[in-house]
Visitor: 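Below you will find the structure I want to go over with you.
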Amino acid sequence: MTMIQLHDKTFNIYIPHDKIQNRVKAIATEIQLNHAIPVHFVVVLNGAFMFASDLVKALEMHCKVSFIKVSSYEGLESTGVIKLKTDLATDIKGEHVIIIEDIIDSGNTVEFLMRHLSTKSPKSVEVCTLLFKPDAFQKNYQIDYCAFEIPNDFVVGYGMDYNQMGRNLKDLYVYKS
Ligand code: IMP
Ligand code: MG
């Protein structure tokens, strides 16, 4: 489909599934080259579930996968207030952690998560994101793995939502006002 309707808004096709898969495989290879021992992926719910699923399937190494849930977005805007909805249920002490995010926009969410996870004494914390909006980024931490840099547009699909709809779409779509 080249166009979809979610609630009151229309979105256009942006990055098709096969292009996403190519980048996911390349990132899996990068992670494997950097890590000889198993890593512990911390998947940021809800948006990163689909990316994380494809990424760990593309990996040819053992790993742990855990989940953490935060929220900051309402509609098309970040509220700027990060809420920890569900904390990790597993220990990360002494482990190499890689945070898996759907998208880094202002950078607030991942900064919050890096601070929060570092209180649990991991050996290292890296960041892996499907999408990155450099024009919106207000922080200066390093993003270790990134599939696509995109302009400051609102996207849905492949895990990401507009007011909870669109997460199941296998392609990425963009809203142009
Ligand atoms: P940040 O805290 O401003 O970096 O925003 C990150 C979070 O906001 C991401 O984890 C997403 O859940 C959400 N988000 C940011 N941009 C978009 C977008 O274009 N579409 C859907 N969700 C987004
Ligand atoms: Mg997210």
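Along the sequence shown, residues are numbered consecutively beginning with 1. One-based numbering, in listed order, for ligands and for the atoms of each.
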Visitor: With heavy atoms of Thr109 as the reference, note each atom of ligand 1 found under 4.0 Å away.
Guide: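 So the atoms of ligand 1 that pass are 1 (P), 2 (O), 5 (O), 6 (C), 7 (C).
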Visitor: Can you find a non-hydrogen atom of Asn46 under 4.0 Å from ligand 1?
Guide: no
Visitor: Parallel, tilted or perpendicular: which fits the ring planes of Tyr145 and His35, with parallel below 30° and perpendicular above 60°?
Guide: tilted
Visitor: Using a plain distance cutoff, I'd like to know if Asp161 has any nitrogen or oxygen under 3.5 Å from a nitrogen or oxygen of ligand 1.
Guide: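 No: no nitrogen or oxygen of Asp161 is under 3.5 Å from one in ligand 1.
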Visitor: Would you call Gly47 a ligand 1 contact, heavy-atom distance under 4.0 Å?
Guide: no
Visitor: Walk me through whether Tyr173 and Tyr14 qualify under ring-ring contact (aromatic ring centres under 6.0 Å, His included).
Guide: CA-CA 5 Å; Tyr173 291 81; Tyr14 186 43; 9.6 Å; no
Visitor: So, Gln142 versus Asp144: side-chain donor-acceptor pair below 3.5 Å or not?
Guide: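 Gln142 vs Asp144: donor-acceptor pair found between side chains.
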Visitor: Indicate the ring-plane relationship of Tyr158 and Phe51, choosing parallel, tilted or perpendicular according to the 30° and 60° boundaries.
Guide: tilted
Visitor: Quick one: which ligand 1 atoms are inside 4.0 Å of a heavy atom on Asp153?
Guide: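 Going through ligand 1 atom by atom, the ones under 4.0 Å from Asp153 are 19 (O).
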Visitor: What atoms in ligand 1 come closer than 4.0 Å to a heavy atom of Gly107?
Guide: 1 (P), 3 (O), 4 (O)
Visitor: Once you measure the plane-to-plane angle for Phe137 and Tyr141, does it fall in the parallel (<30°), tilted (30-60°) or perpendicular (>60°) bin?
Guide: perpendicular
Visitor: Among Ile103, Val174, Leu130, Thr129, which one has a heavy atom closest to atom 23 (C) of ligand 1?
Guide: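 It is Ile103 whose heavy atom sits nearest to atom 23 (C) of ligand 1.
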Visitor: Whether Lys120 and Asp87 form a salt bridge (side-chain N of Lys/Arg under 4.0 Å from carboxylate O of Asp/Glu) is what I want to check.
Guide: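 Answer for the salt bridge query: yes.
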Visitor: Would one find an N or O of Val156, backbone or side chain, under 3.5 Å from an N or O of ligand 1?
Guide: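 Such a contact does not occur with ligand 1.
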Visitor: Ion pair present between Lys123 and Glu95, side-chain N to carboxylate O less than 4.0 angstrom?
Guide: no
Visitor: Of the non-hydrogen atoms in Pro122 and Val97, which two are nearest, and what is the gap between them?
Guide: CB-CG2, 3.9 Å
Visitor: Between ligand 1 and Ile104, is the shortest N or O to N or O distance under 3.5 Å?
Guide: no
Visitor: What do you reckon, does Lys133 put a non-hydrogen atom under 4.0 Å from ligand 1?
Guide: yes
Visitor: Can you name the atoms of ligand 1, numbered from 1 with element, that are less than 4.0 Å from a heavy atom of Glu101?
Guide: 9 (C), 10 (O)
